[in-house]
Amino acid sequence: MRVVLVGSGGRETALAAAIARSPTLEALYVTAPHPGWPALAIVPDEPQEPLALAQAMNADLMVIGPEAPLADGLADRCREAGIAAFGPGRAAAALETSKAFTKEVCAAAGVQTPQALIVDRSDPTQMTAARARCDRGDVVVKADGLAAGKGVIVCRTPEEAHQALDAMDRFGDAARRLVLEDRIEGPEVSVFALCDGTRAMPLPAAHDHKALLDGNRGPNTGGMGAVAPSDRLTESETTSLVEEVHAKVIAELARRGTPFHGVLYGGFMLTKDGPALLEFNVRFGDPECQPLMTLWADDVLPYLHGAAAGQLPAVPPRFANEVAVCVVLASAGYPETSTKGVEIPEPDAQEHVQVFLAGARRDDAGVLRTNGGRVLGVTATANDLTTARERAYAAIEGWRFEGSQLRSDIGAPL
Ligand code: GLY
């Protein structure tokens with residue numbers, strides 16, 4: 001199979017590593033240079049437009065990693081050009097780009113989500129209702145659209161809620177509509193399902209650690225580490241959630257004529273009353289993808305291509321019967337900013353450990369340097385969580401660079 005991979009974060013270098021192991025791979029094309037690509041990847045000298053590259057290389061499959069090109073309709077353009085795309089079209093990608101759309105689809109599909117009020121900020125009557133809701137406190141104020149991961153504010157008191165409502169001004173069009181959702185509590189878990197338009201096939205659940213600092217303190221990040229399979233959900237609980245949530249939602253999208261192809265990622269909170277859906281993403285989580293791809297034991301391409309082309313294999317993929325822990329190393333200043341150009345050491349490879357480069361580049365002299373916020377992820381595997389954590393933390397010491405930041409409690413018990 002001839003594959004074009006879009007994106008260049010830790011999620012994509014992990015996907016590339018899994019694709020590179022595929023016995024059915026003929027050629028793997030990436031759209032831009034990056035030091036994290038596997039040796040067999042065909043790397044252009046300059047960034048390439050993905051669809052033009054796929055057409056020029058006669059690709060069978062485009063795997064689209066990040067949400068931005070999905071929101072921009074890249075998967076639609078691929079399908080129109082006769083190329084299978086792993087990733088939903090723009091209409092189905094609205095599950096990630098519009099929280100109000102998710103609420104509406106879930107309601108139509110009979111999927112319960114926390115109680116919410118949806119308001120249009122340009123409507124004074126609706127804003128009066130929003131302020132009345134804020135008066136009660138215990139609310140999560142969400143910008144409807146994508147706001148660089150900053151558009152969700154969790155509020156306990158009425159004062160916090162009113163401040164959050166005012167703060168939505170800064171998100172411009174992304175906050176044209178707001179979702180004010182009842183605040184709930186509990187640990188979070190990421191539940192992924194491969195979807196081929198009609199079927200939803202569960203993958204092992206994972207959990208990530210979004211706050212910058214130990215003990216879930218500090219600002220939110222894209223994720224400072226992840227564990228798969230998560231010890232927060234059993235395999236049968238994961239399967240039930242996918243049947244009750246993902247499968248119903250993709251059935252509703254198919255009914256609307258906008259079928260979902262790719263991976264649907266449900267972010268759930270495990271409350272005392274059971275799991276509650278907080279949000280959907282329409283791509284693999286990052287860093288969750290790093291432990292998932294490390295454990296993936298089958299040929300990944302029949303699954304990625306099956307989801308894209310409308311026919312997943314009959315049986316789910318096999319995963320190594322181990323646990324994988326990914327610890328992220330971020331540059332100084334992350335998440336507000338990032339530090340570029342700092343030299344990164346490159347220790348020797350270690351058994352049971354994989355390193356996926358993200359915000360990194362190689363300079364003209366071949367030296368590896370920081371080039372973004374989340375610089376790399378170290379994923380270690382073992383038969384048990386304790387050993388996987390120990391291996392990940394021992395290995396990451398060798399990768400520390402000036403100003404590097406990491407959490408020391410990834411995978412630790414709650
Ligand atoms: N790890 C969270 C995300 O990918 O959105």
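One is the number of the first residue; the rest follow in order along the sequence.
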Apply side chain to side chain contact (heavy atoms under 4.5 Å, CB included) to the pair Thr238 and Val189, showing each step before the final yes or no. CA-CA 10 Å; Thr238 304; Val189 65; over 6 Å; no

Got more than 12 heavy atoms from elsewhere within 6.0 Å of CD, Gln112? no

Can you list the steps and then say if Glu67 with Thr97 is a side chain to side chain contact (heavy atoms under 4.5 Å, CB included)? CA-CA 9 Å; Glu67 64 276 18; Thr97 59; over 6 Å; no

Say whether, by atom type as modelled, one donor and one acceptor occur between the side chain of Thr370 and the main chain of Val342 under 3.5 angstrom. yes

Does Asn321 CG have over 12 foreign heavy atoms under 6.0 Å away? no

Do Glu12 and Cys289 have side chains that approach each other closer than 4.5 Å (heavy atoms only, starting at C-beta)? no

Non-hydrogen atoms of Arg407 and Gly215 that approach each other most closely: NH2-N, 3.7 Å

Please check if the side chain of Arg133 supplies one atom and the backbone of Ala116 the other of a donor-acceptor pair under 3.5 Å. no

May I ask you to test the Phe319-Leu203 pair for a side-chain heavy-atom distance under 4.5 Å? yes

Any side-chain heavy atom of Pro50 within less than 4.5 Å of one from Met62? yes

Rounded to the nearest 0.5 Å, how far does CZ of Arg90 lie from CG of Leu74? 10.5 Å

Student check: side-chain heavy atoms of Pro335 and Asn220 closer than 4.5 Å: no

Locate the shortest heavy-atom distance separating Arg369 from Ile344; write the atom from each residue and the value. C-CD1, 3.4 Å

Hey, is the main chain of Phe280 close enough, under 3.5 Å, to the side chain of Glu96 for a donor-acceptor pair? no

Separation between CG of Leu329 and CG of Leu376, rounded to the nearest 0.5 Å: 5.0 Å

For a ring-ring contact (aromatic ring centres under 6.0 Å, His included) with Phe192, tell me which candidate from Tyr303, Tyr265, Phe268 qualifies. Tyr265

If you apply the rule side-chain hydrogen bond (donor to acceptor under 3.5 Å, both in side chains), what do you find for Ser122 with Asp120, and how did you get there? CA-CA 5 Å; Ser122 64; Asp120 189 323; 2.8 Å; yes

Quick check against the 3.5 Å criterion: does Asp196 have a side-chain atom that pairs as donor or acceptor with the backbone of Gly306? no

Verify, without hydrogens or angle tests, whether Arg11 (side chain) and Arg283 (backbone) share a donor-acceptor contact under 3.5 angstrom. no

Pro291 side chain near Val325 side chain, heavy-atom distance below 4.5 Å: no

Over all heavy atoms of both residues, which pair between Thr221 and His209 is shortest? Give the atoms and the distance, please. OG1-O, 4.4 Å

Got a salt bridge between Lys210 and Asp208, using NZ or NE/NH1/NH2 to carboxylate O under 4.0 Å? yes

Give a yes or no answer on whether the side chain of Trp399 reaches the backbone of Gly377 with a donor-acceptor pair at less than 3.5 Å. no

Between Leu301 and Ser22, what is the shortest heavy-atom contact and its length? CD1-OG, 3.4 Å

Arg362 with Glu346: basic N within carboxylate O range, under 4.0 Å: yes

Would you mind checking if Asp123 and Arg177 are paired as a salt bridge, meaning a charged N to carboxylate O distance below 4.0 Å? no

Less than 4.5 Å apart, side chain to side chain, heavy atoms only: is that true for Arg77 and Asp72? yes

With the threshold set at 4.0 Å, does a side-chain nitrogen-carboxylate oxygen contact exist between Lys99 and Glu181? no

Where is the tightest heavy-atom contact between Val63 and Val3, given as atom of each residue plus distance? CG2-CG1, 3.9 Å

Under a 3.5 Å distance rule, please check whether Thr239 uses its side chain to pair with a backbone N or O of Glu235 as donor and acceptor. yes

Distance from Lys142 atom NZ to Leu178 atom CG, nearest 0.5 Å? 12.0 Å

Distance, nearest 0.5 Å, that separates OG of Ser190 from NE2 of His207: 9.0 Å

Show, in sequence, the C-alpha distance, side-chain angles and deciding distance for Arg232 and Leu414, and conclude whether the side chain to side chain contact (heavy atoms under 4.5 Å, CB included) test is met. CA-CA 10 Å; Arg232 297 178 182 175; Leu414 284 168; 3.4 Å; yes

Is the shortest heavy-atom distance from the side chain of Leu15 to the side chain of Met293 under 4.5 Å? yes

Taken to the nearest 0.5 Å, the spacing of Leu95 CG from Glu104 CD works out to 10.0 Å

Are Tyr29 and Pro44 close enough that some pair of their side-chain heavy atoms sits under 4.5 Å apart? no

Between Leu278 and Val152, does a side chain to side chain contact (heavy atoms under 4.5 Å, CB included) hold up when you go through it step by step? CA-CA 11 Å; Leu278 293 182; Val152 174; over 6 Å; no

Hey, does the side chain of Arg217 reach the backbone of Asp214 with a donor-acceptor pair shorter than 3.5 angstrom? yes

Between Leu312 and Ala307, which heavy-atom pair has the shortest distance, and what is it? CD2-N, 3.7 Å

Nearest-0.5 Å distance, CG of residue Leu61 to CD1 of residue Ile64: 9.0 Å

Is it true that a side-chain atom of Gln48 and a backbone atom of Glu46 form a donor plus acceptor pair closer than 3.5 Å? yes

Just by distance, do the side chain of Asp144 and the backbone of Ala100 share a donor-acceptor pair under 3.5 Å? yes

On the 0 to 90° scale, with breaks at 30° and 60°, tag the Phe284-Phe86 ring pair as parallel, tilted or perpendicular. parallel

Closer than 4.0 angstrom, basic N to acidic O: yes or no for Glu252 and Arg256? yes

